[in-house]
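For reference, the structure is listed below as structure tokens.
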Amino acid sequence: MSITYTFPSTDALSSGLNDFVAKRSSEAIADHGAFTVAVSGGSLPKLLSKELRQNPNVDFSKWQIFWADERCVPLDDADSNYRELKIQLLDTLDSDKQPKSYTIGAFGKDAEKAAVDYEQQLKDYFKELPAFDLILLGMGPDGHCCSLFPGHPLLNETSRWVAPITDSPKPPPERITLTYPVLDNAKAVAFVTAGEGKQDMLQQILEQPQLQLPCQRVNPKGSVFWFVDDAAAGKLQKQTISKY
Ligand SMILES: O=C(O)[C@H](O)[C@@H](O)[C@H](O)[C@H](O)COP(=O)(O)O
């Protein structure tokens, strides 16, 4: 069961997401002293950070930031998801408020080594199958999430927590990605998508479950939320959407 919240603009979406993430963060920190979150790339870091970075009620120093996927490029490369979140969020926080953010290490373009290294970082922190407090995902125009693409063998990966991909249809081709065992063990997953260009795919994802697209195959133990703007929600039936 998923809940879809629509917002009149991307600014309103960022505001709603700020409120939602801040609440999940406070609850997690109160419960176990940390907020573990996995972040996607693309438009998500900017939509996530626009208001959140100024939220005085968020204790970022208790955040453990991992990646839903990352491109196998240097950390200062324009394609790096880490670099994007660093610009949008990390660099805007005071030095005493810095979260712990994990990176894919020094393996650059070696996707297999980067996947092994990153999975070890997850094991070192979680000790067992990760149960993220929140995983933040985008929705690709083909219905992909993380770097899990339609028809790709990685959709059937059930043992590795992190897998390499070297033929991503979305450039760059070399990436690492969380797999469904981790996504489905999350306490909550929130998809964030905006723009008229996503209308058709969002309608398919939310109202045509038989398609079994990658976004539809994310079935966490916890809840699935969709944060979308009205432009992306243009083809959804009224009963599909809720007001935040
Ligand atoms: O590293 C990546 O490329 C992302 O994690 C990817 O899964 C992204 O979330 C979708 O492609 C949606 O991207 P947009 O929101 O920019 O359309």
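First listed ligand is number 1; within each ligand, the first listed atom is number 1. Everything quoted here is computed from the prediction, not taken from an experiment.
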Contact region, Leu137 to ligand 1, non-hydrogen atoms below 4.0 Å, reads neither
Got a donor-acceptor contact below 3.5 angstrom from the Gln216 side chain to the Leu213 backbone?
-> yes
Going by distance alone, is a donor N or O of one side chain under 3.5 Å from an acceptor N or O of the other, for Ser9 and Asp11?
-> no
Start with the C-alpha distance between Lys86 and Asp91, add both sets of side-chain angles, then the distance that settles salt bridge (charged side-chain N to carboxylate O under 4.0 Å, His left out), and finish with yes or no.
-> CA-CA 6 Å; Lys86 185 174 184 297; Asp91 288 350; 3.0 Å; yes
Is the closest N or O pair between Gly41 and ligand 1 shorter than 3.5 Å?
-> yes
Protein residue, atom and distance nearest to atom 5 (O) of ligand 1, heavy-atom basis = Asp69 OD1, 2.6 Å
Under 4.0 Å to a heavy atom of Met139 - the qualifying atoms of ligand 1, by number = 12 (C)
Enumerate the atoms of ligand 1 whose separation from the nearest heavy atom of Asn81 is less than 4.0 angstrom.
-> 1 (O)
Subset of ligand 1 atoms that lie under 4.0 Å from at least one heavy atom of Arg175 | 1 (O), 2 (C), 3 (O)
Atom 8 (C) of ligand 1 sits nearest the protein heavy atom Lys170 NZ, 3.7 Å
Within the side chain of Ser14, is there an N or O that forms a donor-acceptor pair under 3.5 Å with the backbone of Leu48?
-> no
Residue and atom name of the nearest protein heavy atom (relative to atom 1 (O) of ligand 1), distance in Å to one decimal = Arg71 NE, 2.9 Å
Which atoms of ligand 1 sit under 4.0 Å from any heavy atom of Ser43?
-> 14 (P), 15 (O), 16 (O)
List every atom of ligand 1 that sits less than 4.0 Å from any heavy atom of Lys198, numbering the atoms from 1 in the order shown and giving each element.
-> 14 (P), 15 (O), 17 (O)
At what distance is the nearest protein heavy atom to atom 9 (O) of ligand 1, and which residue and atom is it?
-> Gly138 CA, 3.4 Å
Determine whether the side chains of Thr179 and Arg160 contain a donor N or O and an acceptor N or O closer than 3.5 Å.
-> no
Quick one: does NZ or CZ of Lys123 land under 6.0 Å from the six-membered ring centre of Trp161, within 45 degrees of the ring axis?
-> yes
Starting from atom 7 (O) of ligand 1, locate the nearest protein heavy atom and write down its residue, its atom name and how far away it is, to 0.1 Å.
-> Cys146 O, 2.6 Å
Are Phe227 and Phe20 close enough that their ring centers fall under 6.0 Å?
-> yes
When you check the side-chain N and O atoms of Gln203 and Gln199, is any donor under 3.5 Å from an acceptor?
-> no
Looking only at heavy atoms of Thr193, does any of them come nearer than 4.0 Å to an atom of ligand 1?
-> no
Anything under 30° is parallel, anything over 60° is perpendicular, the rest tilted; go ahead and classify Phe132 against Phe66.
-> perpendicular
What protein heavy atom sits nearest atom 10 (C) of ligand 1, and how far away is it?
-> His144 NE2, 3.4 Å
